[in-house]
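None of the values given here were measured: they were computed from a predicted structure.
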Amino acid sequence: MSKVAVVIPALNEEEPITGVVRECLATGVPDEVIVVDNGSTDGTAERAHEAGARVVTAPRGYGRACAAGVRAVSPECDIIVFLDGDGSDVPAFMPQLVEPIARGTHDFVIGSRTRGLRETGSMNYQQILSGRIAGWITQLLYGVRYTDMCPFRAIRRDALTKLDMREETYGWNLEMQMKAARAGLRILEIPVNHRRRTGGESKVSGTFRGTFVAGTRIIATLFRVAASRSFV
Ligand SMILES: Nc1nc2c(ncn2[C@@H]2O[C@H](COP(=O)(O)OP(=O)(O)OP(=O)(O)O)[C@@H](O)[C@H]2O)c(=O)[nH]1
Ligand SMILES: [Mg+2]
């Protein structure tokens with residue numbers, strides 16, 4: 001029987017985090033939910049803990065938070081699910097993400113928000129387009145086409161370890177997709193619904209600075225991973 005850990009990076013998400021953790025637990029899928037907080041100045045950590053999550057801390061940065069969450073996963077968990085802490089991902093899709101891995105047919109199952117139902121305003125034009133372009137590039141490079149850089153995803157823990165993830169900020173998601181494709185993992189993309197964040201403030205797509213910083217980081221990741229010779 002597979003055991004599942006959920007890792008949620010969260011920075012100043014005191015409003016949405018309670019609902020996110022509760023919705024994850026309500027699916028009955030996770031054996032543990034880990035919220036990774038790095039220097040939130042609000043009640044994110046307390047709320048997450050009250051809702052039933054284990055809270056760990058990490059230095060600032062989306063990728064660093066995800067990596068710290070992975071390190072904190074209990075040894076018995078063999079599947080790791082990632083999703084954002086802002087309430088925009090819909091945890092009810094977790095069984096569909098996890099099942100192909102638990103059944104042994106796939107190693108990496110990623111949601112696609114562009115193929116699912118999207119609440120109006122939940123994704124902007126740049127996010128939709130950049131996910132498509134990244135998918136065309138991975139198809140050219142590795143023969144795997146994604147339609148989104150969706151943060152909601154599940155992966156076999158031992159497969160993730162072999163990917164040797166390095167990205168410390170917003171390139172983390174794309175790095176995982178590229179390395180999973182390059183490593184020949186058995187990959188499945190499924191449509192997932194997407195909502196607007198359920199409270200709090202945008203750190204990335206909702207601000208010009210956030211979009212610029214994340215976009216730059218994502219493009220740098222694309223070149224770095226594509227140019228690297230490692231085949232893990
Ligand atoms: N731990 C941690 N979490 C982060 C960091 N930056 C962003 N996050 C979390 O990563 C997720 C994605 O950030 P968002 O601000 O929602 O970015 P977005 O989805 O592009 O923008 P929205 O339109 O607001 O949803 C959220 O759960 C954030 O709390 C960080 O430096 N550390
Ligand atoms: Mg968001």
Side-chain angles (χ1 to χ4, degrees), residues 1-10 16-17 19-36 52-54 62-63 65-67 69-70 72-74 76-119 122-123 127 131 134-135 138 144-163 165 172-181 183-195 197-198:
M1 264 288 277
S2 295
K3 284 198 182 284
V4 178
V6 176
V7 170
I8 307 173
I17 199 68
V20 177
V21 173
R22 288 201 183 135
E23 283 187 55
C24 287
L25 292 169
T27 63
V29 172
D31 294 276
E32 64 183 2
V33 176
I34 298 168
V35 168
V36 191
R54 183 144 63 84
Y62 187 89
C66 292
V70 170
V73 167
S74 302
E76 64 273 19
C77 291
D78 47 3
I79 298 176
I80 304 180
V81 175
F82 297 89
L83 78 161
D84 281 351
D86 63 356
S88 57
D89 298 310
V90 183
F93 285 84
M94 204 180 297
Q96 290 181 46
L97 284 177
V98 165
E99 207 252 346
I101 304 178
R103 215 175 43 220
T105 59
H106 294 84
D107 307 304
F108 178 41
V109 184
I110 179 164
S112 168
R113 301 167 295 186
T114 61
R115 290 172 54 199
L117 291 175
R118 268 171 286 125
E119 185 180 352
S122 63
M123 276 180 92
Q127 285 176 297
T138 56
V144 176
R145 184 144 71 98
Y146 301 100
T147 62
D148 189 14
M149 285 186 276
C150 181
F152 194 17
R153 49 186 62 204
I155 187 164
R156 250 188 37 231
R157 184 193 198 153
D158 57 350
L160 177 62
T161 306
K162 289 192 193 130
L163 298 185
M165 295 286 294
W172 167 274
N173 286 335
L174 178 61
E175 181 186 28
M176 193 190 298
Q177 287 167 245
M178 292 178 78
K179 288 185 166 177
L185 296 191
R186 296 166 301 166
I187 300 169
L188 178 67
E189 187 189 76
I190 62 167
V192 294
N193 296 352
H194 197 62
R195 311 181 281 222
R197 52 165 51 249
T198 54

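Listed by chain and number, the residues in a side chain to side chain donor-acceptor pair (under 3.5 Å) with Asp89 amount to none (sequence neighbours excluded). For the side chain to side chain donor-acceptor pair (under 3.5 Å) test, residues two or more places apart in sequence or in another chain that qualify with Arg54 are Glu32.
For the atom pair CD of Glu99 and CD1 of Ile79, the computed distance is 10.0 Å after rounding to the nearest 0.5 Å. In this structure, CG in Asn173 is found 13.0 Å from CE in Met178, a value given to the nearest 0.5 Å. In this structure, His194 NE2 and Gln127 CD are separated by 6.5 Å, a value rounded to the nearest 0.5 Å. To the nearest 0.5 angstrom, Asp148 atom CG is 7.0 Å from Glu189 atom CD. One distance of note links CZ of Arg118 with CG of Asn193; it measures 10.0 Å at 0.5 Å rounding. For the atom pair Glu175 CD and Met165 CE, the distance stands at 4.0 Å (nearest 0.5 Å).
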List the steps, then state whether side-chain contact (heavy atoms from CB on, under 4.5 Å) holds for Tyr146 with Ile187.
CA-CA 10 Å; Tyr146 301 100; Ile187 300 169; 3.4 Å; yes
Set out, in order, the CA-CA distance, both residues' side-chain angles and the distance that settles side-chain contact (heavy atoms from CB on, under 4.5 Å) for Arg113 and Val192, then state yes or no.
CA-CA 5 Å; Arg113 301 167 295 186; Val192 294; 4.1 Å; yes
Verify side-chain contact (heavy atoms from CB on, under 4.5 Å) between Met176 and Ile110, making sure each step is shown before the conclusion.
CA-CA 10 Å; Met176 193 190 298; Ile110 179 164; over 6 Å; no
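Here the closest heavy-atom approach between residue Cys150 and residue Gly111 is recorded as CB-O, 3.0 Å. What you find for Val90 and Arg195 is that their closest heavy atoms are CG2-CG, 3.9 Å. Nearest heavy atom pair, residue Arg153 against residue Met149, reads NH2-C, 4.1 Å. Residue Tyr62 comes nearest to Pro9 through the heavy atom pair CE1-CG, 3.6 Å, listed as atom of the first residue, atom of the second, then distance. Summarising the geometry of Leu83 relative to Pro91, their closest heavy-atom pair is CD1-CG, 4.0 Å, with the distance given to 0.1 Å. When all heavy atoms of Val6 and Pro30 are compared, the closest pair comes out as CG2-CB, 3.6 Å.
Remark: Arg157 does not engage Asp78 in a salt bridge, criterion side-chain N to carboxylate O under 4.0 Å.
Side-chain contact between Asp31 and Glu76 is absent, with no heavy-atom pair separated by less than 4.5 Å.
In this structure, the side chain of Arg156 does not engage the main chain of Gly104 through any donor-acceptor pair within 3.5 Å. Within the 3.5 Å criterion, the main-chain N or O of Thr147 finds a donor-acceptor partner in the side chain of Thr114. Using a distance-only test at 3.5 Å, with no hydrogens or angles considered, a donor-acceptor pair links the side chain of Asp86 to the main chain of Ser88.
Within a 6.0 Å radius of CZ in Arg115, more than 12 heavy atoms belonging to other residues, nucleotides or ligands are found.
The only option from Val73, Val70, Val21 that meets the side-chain contact (heavy atoms from CB on, under 4.5 Å) definition with Ile34 turns out to be Val73. Of the listed residues (Leu97, Ile101, Ile80, Val29), just one forms a side-chain contact (heavy atoms from CB on, under 4.5 Å) with Val4, and that residue is Val29. Shown are Val36, Ile17, Val81; of these, the side-chain contact (heavy atoms from CB on, under 4.5 Å) with Ile8 is made only by Ile17. Just one residue in the list Leu160, Leu185, Val144, Leu163 forms a side-chain contact (heavy atoms from CB on, under 4.5 Å) with Phe108, and that residue is Leu185.
Judged by distance alone, the side chains of Gln177 and Thr138 never bring a donor and an acceptor atom under 3.5 Å apart.
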